[in-house]
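Okay, so here's the structure we're looking at.
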Number of protein chains: 2
Amino acid sequence: MATRSSGLSGLEGNRQVGRLAPVRRASTVDLIAERLREAVVDGSLPPGTVLGEAELAYQLGVSRGPLREAMQRLTAEGLLVIPRRRGLAVRTMTIEDVRDIHWLRARIEPELGRRILTLPPAERRTVLAELGAEVKRMQRALKKDDARALGDAYLDFHRVLAVWGGSLRLARMLGTLLIETRLCTFSMFEHFEVHRDLVPEHVAFVEALAAEDGERFDLLVQAHLEAEVRRLLAEPEDSKEDESDRLHAETPDEPQPLDRLDLPEGL
Amino acid sequence: MATRSSGLSGLEGNRQVGRLAPVRRASTVDLIAERLREAVVDGSLPPGTVLGEAELAYQLGVSRGPLREAMQRLTAEGLLVIPRRRGLAVRTMTIEDVRDIHWLRARIEPELGRRILTLPPAERRTVLAELGAEVKRMQRALKKDDARALGDAYLDFHRVLAVWGGSLRLARMLGTLLIETRLCTFSMFEHFEVHRDLVPEHVAFVEALAAEDGERFDLLVQAHLEAEVRRLLAEPEDSKEDESDRLHAETPDEPQPLDRLDLPEGL
DNA sequence: GATAATCTGATTGTCGACAAACTTACAATA
DNA sequence: TATTGTAAGTTTGTCGACAATCAGATTATC
């Protein structure tokens, strides 16, 4: 993925000779958290997975202390859930979550496009180039019917939007939302699905940005996200009925599935 | 503050007799995190404070393990910063942060109002009542010139918006943003400041909602947040010049202030 | 036969300790 | 006098262990 610049140095025009960016070694906790995020994203830890601390710590080659710290971080991000005295579980997204996540993205991503259009021309060209590259990745993946690669390119496409169009804070938020999006996919389907529409939709995104048409970009993104929700919830073009109890029917009266409870009550 | 309902039970029409919400005892980590958040909000840990783990753990009456876990959580929320081998520091917000936070809030809060207007009338009345109560608190605080109380009521007012207008995820996000807003105040001023405009602005919010005028609410919130940024950055009505180096001038060439670096590189 | 009580095994939550790393201060040299 | 090298002290990062707690299975009782 494209990292704009490390640390705080990205302020335009502040480039001073001899001023080096501070070195920042990642702590063990960072490493573990990153590893867990990867595992969640690439599906090696599907939603609902319940893991023991000791076992997981052994696999990662660390002791339980740093692992527990990393768990707390991932919990705050909403990817993990810590049922008391049962280790950790990968969060399972509900229909509500799907709607919520995409609603939030629809609130944020159009603005990113608008912001990108206000960048100086040189940077804007860079963004377009990076976005174009991701689209090419998507096309290649589609040709090979490689759903995994397609999904990854999709994630990176939107990450590029976040990194260039947003602040650090916004990029972080959207990054989390994107991982959650992936979790939605895993939660709703057994396997990846190849959505052929995805590629033309993203081609249109880039075209709208190239044409400096923020308004069109806005509409396209909205449409894409709505379509995405429809695909995830497997609603046909016109929703037939309220599907909010389809999933409830799966868990008729059991106490709680162990991984959809327990968001930390962070205020 | 007003808590809508604990856990997952807030789904309308799902009220089943005999179905109890699961009990959820807060873990030690939860308690510590909550305590730290409080301390940040009420100003007993002003931005830039650097604390040693051992000392802090002793004060809280816990060992370093749980404390470190709580630290990670607060770090993920952006309130704390963990410089390597220097304990923990309360984050200092920069001018960029002020703009960013309020930009995000301006993206989210108007939508909350719109959502609240779609609630069933009974619930909507409750919301209006709660909001009205917070405004009354603000008025009382203003009369006593109690900046602290005014600020607290302000926070709770917006928390009510988040709880009723948003999902769990959204409420959590906005909750964090609100704490960060408070951190902005502490970062920019030495002490609380009483903003007399705050009260009429919030009265207008409630009126707009009571009149079911989402459009007006939107505009009012935008205006309020812009005014808030102006107040925080102490820009007079028309910004005279680029103030982005005013703060840089405070820290001319020192390496880094120890608490504005090091956001976790969360994807 | 079903429900309740008991027991056991395993896992977590917490703590204390050790060693490595870093900061600060001091001294030596150019 | 300024700068670099050295050393001591402090704090963190990590680990191992203990004990309380909980889940599951077994047994007893109605």
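Values below: every heavy atom of this structure, side chains too, minus hydrogens, waters and symmetry copies. Within every chain, numbering begins at 1; the chains are lettered A, B, ... in the order of the sequence lines, protein sequences first and strands thereafter.
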Checklist entry - Looking for any heavy atom pair under 4.0 Å, which part of the strands does B:V29 touch: base, sugar-phosphate only, or nothing? => result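 Since no nucleic acid heavy atom lies under 4.0 Å of B:V29, the category is nothing.
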Checklist entry - With a non-hydrogen cut-off below 4.0 angstrom, is A:G65 in contact with a base, only sugar-phosphate, or nothing? => result nothing
Rounded distance (Å) that lies between atom [atom2] of [N] and atom [atom1] of [X]:
X	N	atom1	atom2	result
B:L67	D:dT11	CG	P	15 Å
A:I82	C:dT11	CD1	C1'	14 Å
B:R86	C:dT23	CZ	P	6 Å
A:L60	D:dG13	CG	P	19 Å
B:L56	D:dT11	CG	C1'	14 Å
B:E69	C:dC15	CD	P	11 Å
A:E55	C:dA10	CD	C1'	14 Å
A:L88	C:dG13	CG	C1'	15 Å

Item to check | Residues, nucleotides or ligands: over 12 heavy atoms within 6.0 Å of B:Y58 OH | outcome: no
Next on the checklist: So if I take every side-chain heavy atom of B:E53 and compare against C:dT23, D:dG24, D:dG13, which nucleotide ends up nearest?
Outcome noted: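 Comparing C:dT23, D:dG24, D:dG13 against the side chain of B:E53, the answer is D:dG13.
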Checklist entry - Considering only side-chain heavy atoms of B:R68, which listed nucleotide, D:dC15, D:dT12, C:dG13, is closest? => result D:dT12
Checklist entry - Side chains of A:R84 and B:S27: is there a donor and an acceptor less than 3.5 Å apart? => result no
Checklist entry - Considering heavy-atom distances to DNA chain D, does A:R64 or B:M71 have its closest nucleotide positioned more toward the 5' end? => result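 First, find each residue's nearest nucleotide; the 5'-ward one identifies B:M71.
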Checklist entry - For B:W164, is the NZ or CZ atom of B:R115 found under 6.0 angstrom from the centre of its six-membered ring and inside 45 degrees of the ring axis? => result no
Item to check | Residue among B:T181, B:L183, B:L232, B:L178 satisfying side-chain contact (heavy atoms from CB on, under 4.5 Å) with B:I101 | outcome: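 It is B:T181, the one option of B:T181, B:L183, B:L232, B:L178 that forms the side-chain contact (heavy atoms from CB on, under 4.5 Å) with B:I101.
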